[in-house]
Each structure stands twice: as structure tokens, then as C-alpha cells.
Visitor: 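Provided herewith is a single structure, encoded as C-alpha cells, for subsequent inquiry.
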Amino acid sequence: MKCVSKALLVLAMALPVLTQAQTKKKEKKGEFYFSWGYNKEWYTHSDVTVSQPELQTKYTMKSVHSHDHIGWDEGIFSIPISIPQYNYRIGYFFNRKKGWAFEINFDHTKHIIQDGQQIEVKGMLNGRPVDSTINFSKTNGFYYYLNNGANFLLFNIVKRWNWWEAKNSWFKLDALAKAGAGPVIPHVENSLFGQHNDAGFQLGGWNMGFEGALRGTFCKHVYLEFANKLDYASYSGLKVYKGTASQAFGTYELILNLGFTF
């Protein structure tokens with residue numbers, strides 16, 4: 001009996017320690033999430049500088065107007081899901097208690113210089129000074145597409161705040177803030193003064209972005225996330241005929257994603 005009493009006494013003394021260790025272990029568990037959705041963009045005006053040393057050409061197209069091509073308004077269920085402007089997020093909350101996460105954040109955005117606009121061109125063209133206005137249109141030998149993607153890739157730090165949660169946890173509402181930077185991976189296709197490039201994907205510079213989002217989570221695992229995002233992208237070394245182009249612009253995005261967390 002003395003042995004049993006001693007064993008029970010030791011167990012009673014050890015139980016709080018074991019419980020505390022188990023609680024700490026649970027607190028260390030993280031939370032994975034991923035999501036897929038679609039977006040809409042508006043772009044700032046930008047200058048495009050073209051350099052073609054072999055042709056003794058270097059000029060700037062001033063303050064060009066650009067637009068996106070959302071695609072998801074053209075029958076989203078009858079085309080592959082990756083044709084419209086899409087985005088995905090893959091993240092991990094390494095500190096759930098304080099709401100800190102790391103996220104891979106990709107936006108397939110399309111950037112097209114507006115057809116039919118009048119653009120000022122200033123610099124050197126075929127070894128001669130140029131300072132004139134061109135009709136930037138496909139019929140006139142001009143187009144400039146990042147239409148298979150301007151493609152923003154960011155590595156984000158994420159902060160989450162829990163705003164409200166139902167008593168039975170069937171629904172909760174969180175606010176999130178995200179900030180990060182990374183490379184741009186554009187698909188470059190263009191024709192300038194009737195000279196076409198070899199279209200294709202390339203690493204083309206860098207971007208940085210800031211995002212604010214509301215996330216509604218249903219039954220602890222499925223969520224909808226609506227975000228507003230500001231991004232600044234600087235492109236360089238973009239392939240044109242016998243040369244390269246550089247460009248920088250700001251973007252305002254609206255994003256809606258469907259996700260899963262576990």
C-alpha cells in the first residue's frame with residue numbers, strides 16, 4: 001500500500017507539469033492554408049524605354065495608358081481555370097497565437113498597352129533624333145502585351161487579427177495585412193515600328209506589394225478572402241526586336257479567393 005500511495009503522490013505532482021507541457025506542445029502547432037481566385041487591376045500611366053544598340057536606337061514612349069484583361073467574365077466554366085487573371089496563395093501560420101504567417105503570393109495579371117492611343121516618342125531612332133507622336137495601334141505596326149501575364153510573385157509576411165467568432169465556431173471573421181517583395185515573371189510579346197520580338201516568359205525585374213484582406217472562415221476549414229492590394233513593379237531587360245525595354249508602374253488590385261485551412 002505504501003508503494004501505491006507513493007506512486008499516486010508522484011503522479012499527482014507530475015500531472016500539472018505534463019498538462020502544461022502538453023499545452024505548450026499544442027500551442028506550437030502551426031496552420032497551413034492555400035487558396036485560389038481571380039482579380040481585377042487598374043494601372044498607373046508609365047514610360048517605356050526601348051534600347052536597340054545594334055540599330056542605334058534608344059527612345060522613350062511617354063506616359064502610356066494600359067489596361068488588364070480579366071477573362072473571368074468570358075465564360076469561366078467553359079475555359080481552363082488558368083486562362084483568366086487568377087491568383088493563388090500558399091501560407092503557414094508559424095505563430096497562431098500572435099497571428100504571424102509566411103506566404104507565397106502569386107498574381108497572374110495581364111498588362112496591355114491601350115490600342116489606338118497617341119503616344120509621344122522621344123530619343124534616337126535608327127541613329128537620328130526623334131521627338132514626335134505615334135498612333136500606337138496594331139494596324140500601324142505597334143502592340144505591347146504582357147498578356148500571358150505581368151505575373152507578380154511575392155514572399156509575404158502576414159499578420160492576422162480575429163475580429164469575431166461564433167460561439168459554436170461555425171464562422172469567424174479575420175482581418176489580415178500582408179507585405180512582401182519578389183520577382184516578376186512576365187510573358188513578353190510586342191511589335192514596335194513593325195518589328196516583332198520572339199514572345200516568351202522571362203524573369204523581368206522585381207515588385208513589392210501591400211495587401212489588406214477580410215477572411216470569413218466556415219466550419220473551421222473553408223474560407224472566402226476578399227483583398228485590396230497595391231503593387232509597384234519595375235521591369236527591365238524585356239525582350240524586343242534586337243534589344244530590350246524597361247518599364248515601371250503601379251497597380252491597384254481587387255482579389256477574391258476561395259481557400260482551405262488546416
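Scope of the values below: all heavy atoms of this structure, side chains included, with no hydrogens, waters or symmetry mates.
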Visitor: Under 4.0 Å between a Lys/Arg side-chain N and an Asp/Glu carboxylate O for Glu253 and Lys40?
Guide: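 No salt bridge links Glu253 with Lys40.
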Visitor: With side chains defined as the heavy atoms from C-beta onward, is the minimum distance between Met124 and Pro129 less than 4.5 Å?
Guide: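 They are in side-chain contact.
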Visitor: Going from CG on Leu238 to CD on Glu189, what distance comes out if it is rounded to the nearest 0.5 angstrom?
Guide: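 Reported value, rounded in 0.5 Å steps: 13.0 Å.
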Visitor: Between Gln117 and His65 (side chain of the first, backbone of the second, donor and acceptor by atom type, cut-off under 3.5 Å), is there such a pair?
Guide: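 Looks like yes, one N/O pair under 3.5 Å.
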Visitor: Give the minimum heavy-atom separation between Ile185 and Leu153, together with the two atoms involved.
Guide: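 Taking Ile185 first and Leu153 second, the nearest heavy atoms are CD1-CD2, 4.2 Å.
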Visitor: So for atom CD, which belongs to Gln118, do other residues, nucleotides or ligands contribute more than 12 heavy atoms lying within a distance under 6.0 Å?
Guide: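 Counting other residues, nucleotides and ligands, CD of Gln118 exceeds 12 neighbours.
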Visitor: Does the distance from a Lys or Arg side-chain N to an Asp or Glu carboxylate O, for Lys159 and Glu103, drop under 4.0 Å?
Guide: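 A salt bridge is absent here (no side-chain N lies under 4.0 Å from a carboxylate O).
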Visitor: Around atom CG of Asp198, are there more than 12 heavy atoms of other residues, nucleotides or ligands at under 6.0 Å?
Guide: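 Incorrect, the count does not exceed 12.
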Visitor: Determine, step by step, whether Asn147 and His69 satisfy the side-chain contact (heavy atoms from CB on, under 4.5 Å) criterion, reporting the C-alpha distance in whole Å, the side-chain angles of both residues, the deciding distance to 0.1 Å, and the verdict.
Guide: CA-CA 8 Å; Asn147 194 39; His69 181 192; 3.9 Å; yes
Visitor: Could you report the tightest heavy-atom contact between Ala179 and Phe210, atom names first, then the distance?
Guide: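 Taking Ala179 first and Phe210 second, the nearest heavy atoms are CB-CD2, 3.7 Å.
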Visitor: Report the C-alpha separation of Asn105 and Glu211 in whole Å, then their side-chain angles, then the decisive distance to 0.1 Å, and conclude whether the side chain to side chain donor-acceptor pair (under 3.5 Å) test is met.
Guide: CA-CA 10 Å; Asn105 180 306; Glu211 188 172 325; 3.2 Å; yes
Visitor: Is there a side-chain contact between Leu254 and Asn39 (heavy atoms, below 4.5 Å)?
Guide: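 Sidechains of Asn39 and Leu254: no contact.
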Visitor: Honestly, is Arg215 close enough over Tyr33, meaning NZ or CZ under 6.0 Å from the six-membered ring centre and within 45° of the axis?
Guide: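 Arg215 over Tyr33 ring: yes.
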Visitor: Any chance you could lay out the side-chain contact (heavy atoms from CB on, under 4.5 Å) test for Lys239 and Gln202, step after step, and finish with the verdict?
Guide: CA-CA 9 Å; Lys239 294 176 181 177; Gln202 63 176 97; 3.4 Å; yes
Visitor: Please tell me if the side chains of Phe249 and Thr251 come closer than 4.5 Å, counting only heavy atoms from C-beta onward.
Guide: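 They are in side-chain contact.
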Visitor: I need the His45 NE2 to Gln114 CD distance, nearest 0.5 Å.
Guide: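 So the NE2 of His45 and the CD of Gln114 are separated by 10.0 Å.
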Visitor: With a 4.5 Å cut-off on side-chain heavy-atom distances among I, L, V, M, F, W and Y, is there a chain of contacts connecting Phe193 to Ile113?
Guide: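 Yes, same cluster.
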Visitor: Passes ring-ring contact (aromatic ring centres under 6.0 Å, His included), Tyr43 versus His111? Steps please.
Guide: CA-CA 8 Å; Tyr43 301 111; His111 176 277; 4.8 Å; yes
Visitor: Return yes if a side-chain donor-acceptor contact under 3.5 Å exists between Ser191 and Gln195, otherwise no.
Guide: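 The criterion, which ignores hydrogens and geometry beyond distance, is not satisfied for Gln195 and Ser191.
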Visitor: Any chance you could lay out the side-chain contact (heavy atoms from CB on, under 4.5 Å) test for Asp115 and Lys138, step after step, and finish with the verdict?
Guide: CA-CA 7 Å; Asp115 193 61; Lys138 196 167 186 178; 4.1 Å; yes
Visitor: Do Asn87 and Asn257 have side-chain atoms, one donor and one acceptor, less than 3.5 Å apart?
Guide: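 The criterion, which ignores hydrogens and geometry beyond distance, is satisfied for Asn257 and Asn87.
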Visitor: Name the one of Val158, Ile255, Ile104 that satisfies side-chain contact (heavy atoms from CB on, under 4.5 Å) with Arg89?
Guide: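 Of the listed options, the one satisfying the test is Ile255.
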Visitor: Between Thr60 and Thr49, does any side-chain donor sit less than 3.5 Å from a side-chain acceptor?
Guide: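 Judged by distance alone, the side chains do pair up.
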Visitor: Applying a strict under-4.5 Å side-chain criterion to I, L, V, M, F, W and Y, I'd like to know whether Phe226 and Trp42 cluster together.
Guide: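 Hydrophobic grouping puts Phe226 with Trp42.
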Visitor: Backbone N or O of Gly182 within a donor-acceptor pair of the Asn207 side chain at under 3.5 Å?
Guide: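 Between the backbone of Gly182 and the side chain of Asn207 there is a qualifying donor-acceptor contact (under 3.5 Å).
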Visitor: Grab the two heavy atoms, one from Ala248 and one from Ser234, that are nearest each other, plus how far apart they are.
Guide: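 Heavy atoms only, the tightest pair is CB-CA, 4.1 Å.
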Visitor: Side-chain heavy atoms under 4.5 angstrom apart, residues restricted to Ile, Leu, Val, Met, Phe, Trp, Tyr: same cluster for Trp163 and Leu176?
Guide: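 No, because Trp163 and Leu176 fall into different hydrophobic clusters, even though each may have its own neighbours under 4.5 Å.
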Visitor: At their closest point, which heavy atom of Val240 faces which heavy atom of Ala245, and how far apart are they?
Guide: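 So the minimum-distance heavy-atom pair works out to CG1-CB, 3.8 Å.
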Visitor: Mind checking whether Asp68 and Ile112 have side chains closer than 4.5 Å, heavy atoms only?
Guide: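 No, side chains not in contact.
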Visitor: Quick one: pull up OH in Tyr143 and CG in Leu192 and give me the separation to the nearest 0.5 Å.
Guide: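 Between atom OH of Tyr143 and atom CG of Leu192 there are 9.5 Å.
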Visitor: To check you understand the geometry: which heavy-atom pair defines the closest contact between Gly216 and Phe171, and what is its length?
Guide: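 Scanning both residues completely, I find the closest heavy atoms to be CA-CE1, 3.8 Å.
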Visitor: Do you know which two heavy atoms are closest between Pro186 and Leu203, and how far apart they sit?
Guide: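 The answer is CD-C, 4.4 Å.
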Visitor: For the backbone of Leu55 and the side chain of Thr57, can you confirm whether one donor and one acceptor N or O come within less than 3.5 Å of each other?
Guide: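 Checking the backbone N and O of Leu55 against the side chain of Thr57, a donor-acceptor pair under 3.5 Å is found.
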Visitor: Could you check if a side-chain atom of Tyr144 sits within less than 4.5 angstrom of a side-chain atom of Val48, using non-hydrogen atoms only?
Guide: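 Yes. Closest side-chain heavy atoms under 4.5 Å.
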Visitor: Please answer: with hydrophobic residues joined when any side-chain heavy atoms are less than 4.5 Å apart, are Tyr88 and Leu154 in the same cluster?
Guide: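 Looking at the clustering, Leu154 is in a separate group from Tyr88.
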Visitor: Decide whether Tyr86 and Trp72 are clustered together by the hydrophobic rule: side chain heavy atoms of Ile, Leu, Val, Met, Phe, Trp, Tyr closer than 4.5 Å, transitively.
Guide: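 Both belong to a single hydrophobic cluster.
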Visitor: Look up atom CZ in Phe34 and atom CG in Leu258, then write down how far apart they are to the nearest 0.5 Å.
Guide: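 The CG atom of Leu258 is 9.0 Å from CZ of Phe34, to the nearest 0.5 Å.
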Visitor: Evaluate the side-chain proximity of Val64 to Phe136: yes if any heavy-atom separation is below 4.5 Å, no if none is.
Guide: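 Phe136 does not reach Val64 side chain to side chain.
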Visitor: So, do Trp206 and Pro183 sit near enough that their side-chain heavy atoms are less than 4.5 Å apart?
Guide: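 The answer is no; the side chains never approach within 4.5 Å.
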Visitor: Could you pull out all residues at least two apart from Asn190 that satisfy side chain to side chain donor-acceptor pair (under 3.5 Å)?
Guide: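 Counting only residues at least two positions away or on another chain, Asn190 forms no side chain to side chain donor-acceptor pair (under 3.5 Å).
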Visitor: Taking the inter-plane angle between the rings of Phe201 and His187 on a 0 to 90° scale, is it parallel (under 30°), tilted (30 to 60°) or perpendicular (over 60°)?
Guide: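 Phe201 and His187: perpendicular rings.
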Visitor: Is Glu120 close to Ser63 at the side-chain level, that is, under 4.5 Å between some pair of heavy atoms?
Guide: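 In short, these two side chains do not touch, never coming nearer than 4.5 Å.
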Visitor: List the steps and the verdict of side-chain contact (heavy atoms from CB on, under 4.5 Å) for Phe93 and Asn95.
Guide: CA-CA 5 Å; Phe93 279 95; Asn95 189 327; over 6 Å; no
Visitor: Between Phe102 and Phe94, does the ring centre distance come in under 6.0 Å?
Guide: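 Ring-ring flag for Phe102/Phe94: false, centres at least 6.0 Å apart.
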Visitor: Going by atom types alone, do Asn228 and Tyr252 pair a side-chain donor with an acceptor below 3.5 Å?
Guide: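 Yes.
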Visitor: Where does the angle between the aromatic ring planes of Phe262 and Phe32 fall among parallel (under 30°), tilted (30 to 60°) and perpendicular (over 60°)?
Guide: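 Because their plane-to-plane angle is under 30°, the rings of Phe262 and Phe32 count as parallel.
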Visitor: Does any N or O in the side chain of Tyr235 come within less than 3.5 Å of the main-chain N or O of Ala150, such that one atom is a donor and the other an acceptor?
Guide: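 Present.
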Visitor: Restricting to salt bridge (charged side-chain N to carboxylate O under 4.0 Å, His left out), what partner residues turn up for Lys172, sequence neighbours left out?
Guide: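 With neighbours one apart ignored, the set is Asp174.
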Visitor: Run through Glu41, Lys110, His108 and flag the one making a side chain to side chain donor-acceptor pair (under 3.5 Å) with Gln85.
Guide: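 Passing option: Glu41.
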Visitor: Give a yes or no on whether the backbone of Asn135 and the side-chain of Asn140 come within a donor-acceptor separation of less than 3.5 Å.
Guide: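 Side chain of Asn140 to backbone of Asn135: a pair is present.
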Visitor: Between atom NZ of Lys220 and atom CZ of Phe260, what is the distance when rounded to the nearest 0.5 Å?
Guide: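 One gets 12.5 Å once the value is rounded to the nearest 0.5 Å.
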Visitor: Has the side chain of Glu31 got a donor or acceptor atom that lies under 3.5 Å from a matching backbone atom of Thr261?
Guide: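 No; judged by distance alone, with no hydrogens or angles, the pair does not exist.
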